[in-house]
Amino acid sequence: MRFTKMQGCGNDYIYINCFKEKVENPEKLAIAMSERHFGVGSDGLVLIMPSEAADFRMRMFNLDGSEGKMCGNASRCVGKYVYERGLTEKTTVALETLGGIKILQLHVKDGIVESVTVDMGEPVLEAAEIPVLSDKHPVIGETVEILDRKFDFTCVSMGNPHAVTFVENVMEYPIEKYGRVSECHPIFPDRVNTEFVEIVDDSHVKMRVWERGSGETWACGTGASATAVACVLNGKTDRKVDVELIGGTLTIEWNAEDNHVYMTGPAEFSFDGEWLREV
Ligand SMILES: N[C@H](CCC[C@H](N)C(=O)O)C(=O)O
């Protein structure tokens, strides 16, 4: 089975063109292919599929085999893939996901998709829809005890659940120690993606993420979007903010007119390959 490895800000996935390949058990395949030693090595698996409701459909699976409802970095890579591999000539592409239909704006120069802007839709702030067990609305400053520390979380869904907390010196922060526990904390019935955010100034933050189902990744598009919303809700930044991640920078704008969150960032091919194992 042929596959393509791509990454957006270092959040790397294996992409399979399901117009040509048949995937029987994506959960098992995600686990097998994502494994670094016996497999390809990645943060998970993304299926590019036909859609009845949009131009294309994307299903994404974390490296533990769990299916994510939406993936920001993968949606940009899908946009680049379908255009440069000739599946579409459109530069505005509708992508069906479990988190709804997302509109991708491909920024093309000389036939190459240099970056993509994704309309991530409106942030969801109702506790029950995130979901998080909290009686706050919006869920700002929800104090949760994790190991030896108390964290104040701002919770947002971008189609998938996020818990954002503000820290100092994020690049040195022990996020595995705390992220691994917050991921499975009982107040998050569907588990959660946890973002640790350091404010640099009104339009620039640094963020690291412990992702549900994948552990620390070098970038998270839905997480960067949730981070921008949390920063605005807490009065820490403007509505347009550069989110600096380990693997690169995403520009996020929470538009005051339409309440939509827009994410702009890169997408890159790494290599094509052929998977030879029966899974
Ligand atoms: N781990 C996430 C899915 C991947 C999201 C992230 N890689 C992104 O770019 O948005 C979840 O289970 O909700």
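When a ligand or atom number is given, it counts from 1 through the structure's own listing order. Bear in mind the structure is a predicted one, so any value in this text is a computation, not a measurement.
Side chain of Glu21 to main chain of Arg2: a donor-acceptor pair is present (N/O by atom type, distance under 3.5 Å, no hydrogens or angles). The backbone N or O of Cys184 sits nowhere less than 3.5 Å from a side-chain atom of Arg212 that would complete a donor-acceptor pair. Of the possible polar contacts, one joining the Lys80 side chain to the Val113 backbone as a donor-acceptor pair under 3.5 Å is found.
Using a 4.0 Å cut-off between heavy atoms, Trp218 makes no contact with ligand 1 at all. With a 4.0 Å heavy-atom cut-off, ligand 1 is reached by the backbone of Thr222 and by its side chain too. Looking at Asp43 against ligand 1, nothing comes within 4.0 Å, counting heavy atoms.
The shortest heavy-atom distance from Gly213 to ligand 1 is not under 4.0 Å. Between Asn62 and ligand 1 there is a heavy-atom distance shorter than 4.0 Å. The closest approach between a heavy atom of Cys220 and any atom of ligand 1 is below 4.0 Å. For the ligand labelled ligand 1, residue Met70 lies inside the 4.0 Å heavy-atom shell.
Looking at Met60 next to ligand 1, no N or O pair under 3.5 Å apart turns up.
Of the N and O atoms on the side chains of Asp119 and His260, at least one donor lies less than 3.5 Å from an acceptor on the other residue.
For Asp55 and Lys90, the salt-bridge test passes: some basic side-chain N is under 4.0 Å from an acidic carboxylate O. A salt bridge links Arg208 with Glu216: at least one charged nitrogen is closer than 4.0 Å to a carboxylate oxygen.
The distance between the ring centers of Phe151 and Tyr178 falls below 6.0 angstrom. Here the two rings, on Tyr173 and Phe196, have centers that are under 6.0 Å apart.
Here atom 2 (C) of ligand 1 lies nearest to Asn193 when heavy atoms of Asn193, Leu98, Asn11 are compared.
In terms of protein heavy-atom proximity, atom 7 (N) of ligand 1 is closest to Tyr13 OH, 2.7 Å.
Ligand 1 places these atoms under 4.0 Å from at least one heavy atom of Glu211: 1 (N), 2 (C), 3 (C), 4 (C), 5 (C), 6 (C), 7 (N). Close contacts between ligand 1 and Gly221 involve ligand atoms 8 (C), 9 (O), 10 (O) [criterion: under 4.0 Å to a heavy atom].
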